[in-house]
Amino acid sequence: MSAADEILDIVDEHDQVIGRLPRGRVYAEGLRHRCVFVQARDAGGRLFVHRRTATKLVFPSLHDMFVGGVVGAGEAYDDAALREAEEELGVSGLPRPEFLFKFLYDDGAGQSWWSAVYEVRCELPVRPQVEEVAWHAFLPEEEVERHLLDWEWVPDGLAAYERLRAYRAGLGGV
């Protein structure tokens, strides 16, 4: 089955399931669905950063400071977070990512999805999926911050990162 054929839950503004459709149609029609964002850090606390492949359906070739993706139909956010983190990092036996918060992402142009943000420590050697990740590295957070202005980032990841910084600073806003 191709990624475009994967069945997703369609949700309303309260994150209640109102239908199910293939991912390709969900994206084409801008229907609200569910996603997970997992911030992975290595044993030294550095962030996993990667550039998406050019073949991705959404945000091809852009940088991201999260691993993750869509939540499948009937799948729990927590299960999707672990599945996506293990798939994208290319590891098995990862600890269950810790849920931090959830927010409704809206790009202002008709694209919207519920976004659950997690964090996980990955002390295993990573082997990212070549279909998903074109380049990767574990970078100190200060270096990620420096690249916020000179690298092209996925917009939903930037939104999640900004909310995560506010969450960690105790400023709320999530």
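When a residue number appears, it is its place in the shown sequence, counting from 1.
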Any non-hydrogen side-chain atom of [X] less than 4.5 Å from a side-chain atom of [Y]?
| X | Y | answer |
| --- | --- | --- |
| Pro155 | Phe59 | yes |
| Gln111 | Arg32 | no |
| Arg51 | Leu62 | no |
| Ser115 | Leu104 | no |
| Arg34 | Val70 | no |
| Tyr118 | Val36 | yes |
| Val11 | Gln16 | no |
| Thr53 | Val133 | no |

(request) Start with the C-alpha gap between Arg96 and Glu86, add the side-chain angles, then the distance that decides, and say whether salt bridge (charged side-chain N to carboxylate O under 4.0 Å, His left out) holds. (result) CA-CA 10 Å; Arg96 187 168 278 282; Glu86 287 189 333; over 6 Å; no
Show, in sequence, the C-alpha distance, side-chain angles and deciding distance for Arg23 and Ile7, and conclude whether the side chain to side chain contact (heavy atoms under 4.5 Å, CB included) test is met. CA-CA 6 Å; Arg23 182 197 298 213; Ile7 303 299; over 6 Å; no
Verify, without hydrogens or angle tests, whether [X] (side chain) and [Y] (backbone) share a donor-acceptor contact under 3.5 angstrom.
| X | Y | result |
| --- | --- | --- |
| His33 | Leu31 | yes |
| Trp114 | Asp12 | yes |
| Glu87 | Glu84 | no |

Tell me, with the steps shown, if Phe66 and Leu47 meet side chain to side chain contact (heavy atoms under 4.5 Å, CB included). CA-CA 9 Å; Phe66 292 94; Leu47 296 176; over 6 Å; no
TODO: Assess whether atom CZ of Arg25 is packed by more than 12 heavy atoms of other residues, nucleotides or ligands within 6.0 Å.
DONE: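 It does not: Arg25 CZ has 12 such atoms or fewer within range.
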Discussion item. Taking atom CD as the centre, does Glu143 end up with more than 12 heavy-atom neighbours from other residues, nucleotides or ligands that are less than 6.0 angstrom away?
Written reply: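 Result for CD/Glu143: enclosed.
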Fill in: Separation between CZ of Phe37 and CD of Glu119, rounded to the nearest 0.5 Å
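Spacing of CZ (Phe37) from CD (Glu119) equals 15.5 Å.
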**Report entry** Given Arg41, Arg165, Arg146, the one that forms salt bridge (charged side-chain N to carboxylate O under 4.0 Å, His left out) with Glu141
**Finding:**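 Among the candidates, only Arg41 passes.
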Exercise. Measure up the Tyr167 and Phe101 rings against each other and bin them: parallel (under 30°), tilted (30 to 60°), perpendicular (over 60°).
Key: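 Plane angle between 30° and 60°, so tilted.
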_As a quick check of understanding, evaluate salt bridge (charged side-chain N to carboxylate O under 4.0 Å, His left out) for Asp15 and Lys102, giving each step before the final call._
CA-CA 10 Å; Asp15 197 19; Lys102 187 170 72 167; 2.7 Å; yes
Compute whether any side-chain donor of one residue and acceptor of the other, for Tyr161 and Asp64, lie under 3.5 angstrom apart.
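Not at all, the side chains of Tyr161 and Asp64 share no donor-acceptor pair under 3.5 Å.
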Q: Check Tyr77 against Val71 and note the closest heavy-atom contact, atom names and distance.
A: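 Nearest pair, atom of Tyr77 first, then Val71: CD2-CG2, 3.9 Å.
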**Item:** Met65 vs Leu158, side chain to side chain contact (heavy atoms under 4.5 Å, CB included): CA-CA, chis, key distance, verdict
**Value:** CA-CA 8 Å; Met65 68 281 284; Leu158 274 178; 4.1 Å; yes
>> Please determine whether side chain to side chain contact (heavy atoms under 4.5 Å, CB included) holds for the pair Phe48 and Leu139, giving the CA-CA distance in whole Å, both sets of side-chain angles, and the decisive distance to 0.1 Å.
In response: CA-CA 6 Å; Phe48 180 81; Leu139 301 176; over 6 Å; no
